[in-house]
Number of protein chains: 2
Amino acid sequence: MTAGYELEDKVLLAVDCIIFGFDNGDLKVLLVKRDFEPEKGKWSLIGGFLKKTETLDDAARRILHTLTGMHDIYMEQLYTWSEVERDPAERTISTSFYAIIDIKQHDKELIEHHNAKWFSLSNAPKLIFDHDQMLNKAIMRLRRRTSISPIGFGLLPEKFTMKQLQKLYEAILDRKVDKRNFINKIKSMDILVKLDEKDMSSSTKGSYLFMFDQEKYDAKQTKDFYLKIS
Amino acid sequence: MTAGYELEDKVLLAVDCIIFGFDNGDLKVLLVKRDFEPEKGKWSLIGGFLKKTETLDDAARRILHTLTGMHDIYMEQLYTWSEVERDPAERTISTSFYAIIDIKQHDKELIEHHNAKWFSLSNAPKLIFDHDQMLNKAIMRLRRRTSISPIGFGLLPEKFTMKQLQKLYEAILDRKVDKRNFINKIKSMDILVKLDEKDMSSSTKGSYLFMFDQEKYDAKQTKDFYLKIS
DNA sequence: TCAAAAGTGTTTATAATACACCCATGG
DNA sequence: CCATGGGTGTATTATAAACACTTTTGA
């Protein structure tokens, strides 16, 4: 069997990862200082090149791990960018992926990787190539996702307060939501367990801690379940 | 300036187009008989390879035109497929695009291209590689899009009846919708103009013809406008 | 005159939104 | 005893869904 592919152009396929982090009410993005040309020394998304022996998802995981030490991050494919001059050095197509994680839970992994740094969305530096476009598209996608389906585990400590959860939504959606409506909505979703424990760190009264109920959450995920935050 | 890209793998980047067609209440997909190895003679999506000098969108348009004669079709990027063994002949990544068109308006262009053929979704043949997956993902995306935002121009004749529009939605969503709710909804969107003309071809009473109001439609498109069909 | 498709509104249910006061406690 | 953040419920509005009869006219 001979394939008729001999005359076709081959190109470099890059992967760029947009990692959003949530910490203390603030939505951030993880960037790295590029250590090779072109644009060496400038800030960029976490990127690298696909190898022939791996899928794009594999490549994204490998690159993320190499540049930041993080592992077990589920990333979702976002878009493939193909402007001819997007990388001035050579014709390169890039597929972008994104994920959102809890910064605290991954801080230790990151400490030794001094090239990677968290930036608040509001004061992120200008990025190389079309990475600003990628970031924007990722923000849009994240907002849409967030407003129609509950945010998963792993973004908050195992035990968290309603206030923390609300702050998370507010950070992603970039607007305030009504406390009572928010709580009612979350309750109606029935994916949280209220604990007897209280968090005393931010008030005299203390606020109840909650956990995600993995089973209920999974059950709902499979259906056409959605959440709309007022 | 030297780029540090020399050691990276290069791959073939393919483009596959999923063209949905609507004709007479039936939703179809356009397939071609492959005329090169591997899998020569089998049915596949409309595909080809990216050239170094074009974007993916350019490539999609070029390939669609080459294989079917169609032009001026706006396609939306769907997903990039990268399983290592997806094409057994050589490592190939593929970005898929989709569009939906009015079959009647493009029939003439297609007549001379005997390799391309419309198939109803319900009895499409098995496709090569991962093309069935691509098709499925495209159907899902099309349904979601359809249920949250009005379908554009170009899918129906310039003048059309409410019945035709309803059939279009029903074909895409693959379920019946209530006539009165549908009409009320469409009216509330305020993007159609009712003409004085009637279509007499399907009843003695005749049914009014409508046209899209391009300006109103564009205005709404820019907003967060959406439509939900009961 | 009747068959076949067109056209038309109202009621009900559900979901989204707006909104304000009391509670508990450590200092 | 009071300042601070925690906790709670209801009324209103908007949207979705269910539902059936009358009109027209060519054959």
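Below, chain A is the first sequence line, B the second, and so on; all start at residue 1. These numbers come from a predicted model, not from an experiment.
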Distance in angstrom units between [X] [atom1] and [N] [atom2], rounded:
X: B:Q164; N: C:dG7; atom1: CD; atom2: P; answer: 12 Å
X: B:Q166; N: C:dT8; atom1: CD; atom2: P; answer: 14 Å
X: B:M162; N: C:dT8; atom1: CE; atom2: C1'; answer: 12 Å
X: A:I186; N: C:dA16; atom1: CD1; atom2: P; answer: 12 Å
X: B:F160; N: C:dA6; atom1: CZ; atom2: C1'; answer: 17 Å
X: B:K176; N: D:dA18; atom1: NZ; atom2: P; answer: 15 Å
X: A:R175; N: C:dT17; atom1: CZ; atom2: C1'; answer: 12 Å
X: A:F182; N: C:dA16; atom1: CZ; atom2: P; answer: 14 Å

Strand-adjacent residues in residues 194-207 of chain B, judged by heavy atoms under 4.0 Å from DNA chain C
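Listed by number, they are B:K194, B:S202, B:S203, B:T204, B:K205, B:G206, B:S207.
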
[Y] and [X], any side-chain heavy atoms less than 4.5 Å apart:
X: A:L78; Y: A:D16; answer: no
X: B:K104; Y: B:D23; answer: yes
X: B:I100; Y: B:I172; answer: yes

Under the side chain to side chain contact (heavy atoms under 4.5 Å, CB included) test, which residues partner A:T204, sequence neighbours left out?
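Partners of A:T204 by the side chain to side chain contact (heavy atoms under 4.5 Å, CB included) criterion come out as none, since no residue qualifies.
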
Residues that A:I183 engages under side chain to side chain contact (heavy atoms under 4.5 Å, CB included), provided they are two or more places apart
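Side chain to side chain contact (heavy atoms under 4.5 Å, CB included) check on A:I183 returns A:M162, A:K179, A:K187.
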
Enter the distance from B:N181:CG to B:Q166:CD here, rounded to the nearest 0.5 Å.
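Result: 10.0 Å between the selected atoms.
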
B:I46 CD1 to B:S96 OG distance, which is reported to the nearest 0.5 Å:
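Output value for this atom pair is 12.5 Å.
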
Among residues at least two apart in sequence or on other chains, which ones pass ring-ring contact (aromatic ring centres under 6.0 Å, His included) with B:F119?
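B:F119 satisfies ring-ring contact (aromatic ring centres under 6.0 Å, His included) with B:W43 once adjacent residues are dropped.
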
So, is B:K179 close to the C:dA6 phosphate, meaning a side-chain N or O under 4.0 Å from OP1 or OP2?
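So the side chain of B:K179 is outside the cut-off, no N or O lying under 4.0 Å from OP1 or OP2 of C:dA6.
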
Please list all pairs meeting side chain to side chain donor-acceptor pair (under 3.5 Å) that have one or both residues in residues 193-202 of chain A, counting only residues at least two apart or in different chains.
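Output for this query lists A:K159-A:E197, A:D199-A:S201.
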
Please confirm whether any donor atom in the side chain of A:K163 sits under 3.5 Å from an acceptor in the base of D:dG6, or the reverse.
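Answer no: no donor N or O sits under 3.5 Å from an acceptor.
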
Close N/O contacts between protein and nucleotides 9-12 of chain D (under 3.5 Å):
none

